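Numbering of residues begins at 1 and proceeds along the displayed sequence. All heavy atoms count here, side chains included; hydrogens, waters and symmetry mates do not. From a predicted model like this one, the values you see are computed outputs, not experimental measurements.
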Amino acid sequence: MSTYADRLQALREQLKRDRLDGFVVPLTDEHMSEYVGDYAQRLAWLTGFQGSAGSAVVLPQEAAIFTDGRYTLQVRQQVDGAHWAYVPVPQVSIAAWLAEHAPQGGRIGYDPWLHTRGWVAEARRALAERGAELVAVAANPIDAVWAERPAPSDAKLTVQDDAAAGRNSAAKRADIADWLAQRKADAVVLSALDSIAWAFNIRGADISHTPVALAYAVVHADGAAELFVAPDKLSEDVSRHLGNAVKVRDRAEFAGALQSLQGKRVAADPERAVAAIFEALEAGGAQVLSVRDPVVLAKAIKNEVEISGHRAAQARDGAALARFLKWAEAEMPGGGVTELSAAERLAAFRAETGLLKDLSFDTISATGPNGASPHYKVTAASSLPIEPGQLYLVDSGGQYEDGTTDVTRVIPIGEPTAEMRDRFTRVLKGHIAIATAVFPEGTNGGQIDAFARRPLWDVGLDYSHGTGHGVGAYLSVHEGPQRIAAPNYPGGGPAEPLRAGMFLSNEPGYYKAGEFGIRIENLVLVEPREVAGAESPMLGFETLTFCPIERELIEPALLSEAERRWLDGYHARVLEVLGPQLSPEERAWLEGKCRPIAAR
């Protein structure tokens, strides 16, 4: 079908055939993944929206797309307002919208493999107020009209060597068995792809930029497990690595296997396991324990091998980014460079390390007005020329076997304005406030989120995204449960205490619609912090990312003496870490970028 309007009409016709009065389309897959494989990109296929968070509802006479503040500009650029209403979340939930818009007595369909049980209950309650019904579909109606829908990836699994993982899979599964014993449970269902990759020390290539494989797992109380994955994805090496304690079964057998757990106490995560998993367990007579997947916290607290590997990956990645910034500073002012060509050049610098497995996400390469969309994705159609007078923002990262990176830098093309310097320096002050924060054990990221915002709040400004997200160890670039985000901002949610060993991003920003965007992002490690006279254990952050912060955008008068000391100390460390990896010419450039700020 040639247009998104045609696709919307085709779906409405299919809904008539299915005797449905509406359908809910989330941007997720059957594993509740943030990033999904091409086969699961139903929202993008239907609407044109390319963001990484959103949902839609289609009714006979109206349709709505739901996105948060990170995508306010992007959704309007990519989705036709003549056919779709733009609805902001969390201000308006899908359930609340349905309660007002669903046809009286209507049947609203949903795919139980794409929603949590909590969402189903909320939507069902909301529809009941309209006398309407929420109906589980056996077959997704979008799949019926998506004629050229891609097949799921057939990429092979790979082994994540114990030397990189820090612990072998048997030890990890033994810990899960202990967790089950404490709860007097017989088994736990793992459906989150990064949980499975971590627990079994395997990686895959089924989702772009995230090294995971489409699979499910059930781990039993004796540490033995069943791994449900397409059989042709296994090599002899992987089979040997998994060993006799892991029974490999076809992914297609998973739902049936759940129904065979009659009489067992089975744990499943209500946030990460879809409604269909709970329904299959209950239909088979299992007693279901609705608790968080035991891998989530274990995976978030990195061991010493993972931390050491991450430092090595960051040093390597920082040198590649520094080379790119030197190239950009020389080439961009003369014209001829576009957002797309810049992203390709940066990827080439990372590839030259010889150790890059993949990017960790689609590079956000944005100049001028495109920089004002925090999650902008450059395409051949959207790519703008990079020209003098603009700010160029690049948010990027790499996947290496020893670590996952994520870093954002901004550079001016030509002379920046006083407003650009002011806003950049306020973002920098917020970044430093997080980098230097000291807090007691038990503090959650939402409690320190305001540290980063205050310099902007002081002049009536803010940014519409969280300040930090968790990061995996050669896994997902966005990893929970840790985050730095107050509940009223995208990315906020249940308060998770920060614990030593967690990786997070530190990325405050500022965005002026139609003109420019600013974000400064480093990754940090939560670590114990000695504080003289402290009456409780304290924590702080070690900065892990090393790359110069653009001095031409800094207004020194806005920085306190302590902030200048932090910045000079950071740049001294950048020079120490990156300098030995660079050529004499590159090092000379870096020395200029890392001069003490007071010398400007």
Side-chain angles (χ1 to χ4, degrees), residues 314 318 321-322 325 391 393 395 407-412 416-439 443 445 447-463 465-468 484 486 498 504-511 516-527 529-532 538-578 590-600:
Q314 287 284 5
L321 180 57
L325 292 176
L391 293 183
L393 181 153
D395 184 348
V407 52
T408 307
R409 291 294 185 264
V410 178
I411 61 173
T417 66
E419 180 188 35
M420 290 172 177
R421 285 196 177 99
D422 177 272
R423 303 307 189 246
F424 184 90
T425 308
R426 291 180 184 280
V427 172
L428 175 59
K429 288 168 72 71
H431 180 94
I432 295 171
I434 294 295
T436 57
V438 179
F439 45 91
T443 300
Q447 291 173 281
I448 64 172
D449 179 74
F451 294 7
R453 299 180 190 275
R454 180 168 178 178
L456 290 166
W457 285 353
D458 284 344
V459 290
L461 305 174
D462 200 1
Y463 52 95
H465 58 74
T467 300
I484 303 174
L498 301 180
L504 295 111
S505 66
N506 170 12
E507 52 178 311
Y510 171 73
Y511 310 91
F516 61 83
I518 293 166
R519 188 162 60 252
I520 303 171
E521 178 183 17
N522 287 340
L523 299 190
V524 297
L525 168 69
V526 183
E527 62 176 359
R529 187 60 54 85
E530 292 295 327
V531 177
M538 303 296 288
L539 299 171
F541 295 118
E542 174 193 343
T543 294
L544 298 169
T545 303
F546 295 103
C547 191
I549 295 170
E550 180 51 58
R551 57 187 300 107
E552 293 303 315
L553 284 170
I554 297 171
E555 184 52 65
L558 287 177
L559 296 179
S560 69
E561 182 59 34
E563 289 166 339
R564 283 194 290 270
R565 282 199 306 270
W566 181 91
L567 184 62
D568 289 345
Y570 175 73
H571 277 148
R573 182 74 175 130
V574 168
L575 193 57
E576 180 184 345
V577 172
L578 304 189
L590 185 64
E591 287 172 347
K593 290 296 177 183
C594 293
R595 297 193 316 276
I597 193 65
R600 179 175 180 268

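- For the residue pair Glu419 / Thr417, no side-chain donor-acceptor distance below 3.5 Å is found, with atom types taken as modelled.
- Side-chain contact check for Tyr510 versus Leu461: some heavy-atom pair is nearer than 4.5 Å.
- Within the 3.5 Å criterion, the main-chain N or O of Glu507 finds no donor-acceptor partner in the side chain of Thr467.
- Note that CD1 of Ile520 and CG of Asp395 are 12.5 Å apart. Values are rounded to the nearest 0.5 Å.
- Between Arg426 and Val459 the shortest side-chain heavy-atom distance falls below 4.5 Å.
- Here the side chains of Leu590 and Pro548 are in contact, with some heavy-atom distance below 4.5 Å.
- For Phe439 and Phe541, the ring centers sit closer than 6.0 Å to each other.
- Annotation: side chain of Ile597 is in contact with side chain of Ile554 (closest heavy-atom distance under 4.5 Å).
- To the nearest 0.5 Å, the span separating NE2 on His571 from CD on Glu591 amounts to 13.5 Å.
- Taking SG of Cys594 as the reference point, atom CG of Leu578 lies at 7.5 Å (rounded to 0.5 Å).
- For the residue pair Ala452 and Ile434, the shortest heavy atom distance occurs at CB-CG1, 3.8 Å.
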| task | With side-chain contact (heavy atoms from CB on, under 4.5 Å) as the test, would you mind laying out the steps for Leu525 and Glu542 before giving the verdict? | result | CA-CA 5 Å; Leu525 168 69; Glu542 174 193 343; 3.6 Å; yes
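- Under the 4.5 Å side-chain criterion, counting only non-hydrogen atoms from C-beta, Leu567 is in contact with Ile549.
- Cation-pi check for Arg453 over Tyr463 is met; the charged atom lies under 6.0 angstrom from the ring centroid and within 45 degrees of its normal.
- Listed by chain and residue number, His431 satisfy the side chain to side chain donor-acceptor pair (under 3.5 Å) test with Asn506 (two or more places apart in sequence, or in another chain).
- Arg573 forms a cation-pi arrangement with Phe546, by the criterion of a distance under 6.0 Å to the ring centre and an angle within 45° of the ring axis.
- Proximity of Leu553 to Glu550: side-chain heavy atoms (C-beta onward) are separated by under 4.5 Å at one or more points.
- Interatomic distance, CZ of Phe451 versus CD1 of Ile432, reported as 15.0 Å (0.5 Å rounding).
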| field | Val524/Thr543 under side-chain contact (heavy atoms from CB on, under 4.5 Å): CA gap, chis, key distance, verdict | value | CA-CA 4 Å; Val524 297; Thr543 294; 4.1 Å; yes
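- Considering all non-hydrogen atoms of both residues, Gly517 and Tyr511 come closest at CA-CD2, 3.9 Å.
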| said: Does Leu325 form a side-chain contact (heavy atoms from CB on, under 4.5 Å) with Cys547? I'd like the steps, not just the answer. | reply: CA-CA 9 Å; Leu325 292 176; Cys547 191; 3.6 Å; yes
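- Here the side chains of Leu559 and Thr425 are in contact, with some heavy-atom distance below 4.5 Å.
- Once rounded to the nearest 0.5 Å, the distance linking OG1 of Thr408 with CG of Asn522 reads 9.0 Å.
- Put simply, the side chain of Leu391 does not reach to within 4.5 Å of the side chain of Ile411, judged on heavy atoms.
- A distance of 10.0 Å separates CG in Leu504 from CG in Leu544, rounded to the nearest 0.5 Å.
- Residues Asp462 and Leu456 approach most closely at N-CB, 4.3 Å, considering heavy atoms.
- When all heavy atoms of Arg551 and Pro596 are compared, the closest pair comes out as NH2-O, 3.4 Å.
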| task | Take Glu521 and Arg409, measure what salt bridge (charged side-chain N to carboxylate O under 4.0 Å, His left out) needs, and give me the verdict at the end. | result | CA-CA 7 Å; Glu521 178 183 17; Arg409 291 294 185 264; over 6 Å; no
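- Closest non-hydrogen pair, Leu558 versus Glu563, comes out as O-OE1, 3.9 Å.
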| message | Walk me through whether Val531 and Met538 qualify under side-chain contact (heavy atoms from CB on, under 4.5 Å). | response | CA-CA 7 Å; Val531 177; Met538 303 296 288; 3.9 Å; yes
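- In the displayed structure, Glu530 atom CD is contacted under 6.0 Å by at most 12 heavy atoms of other residues, nucleotides or ligands.
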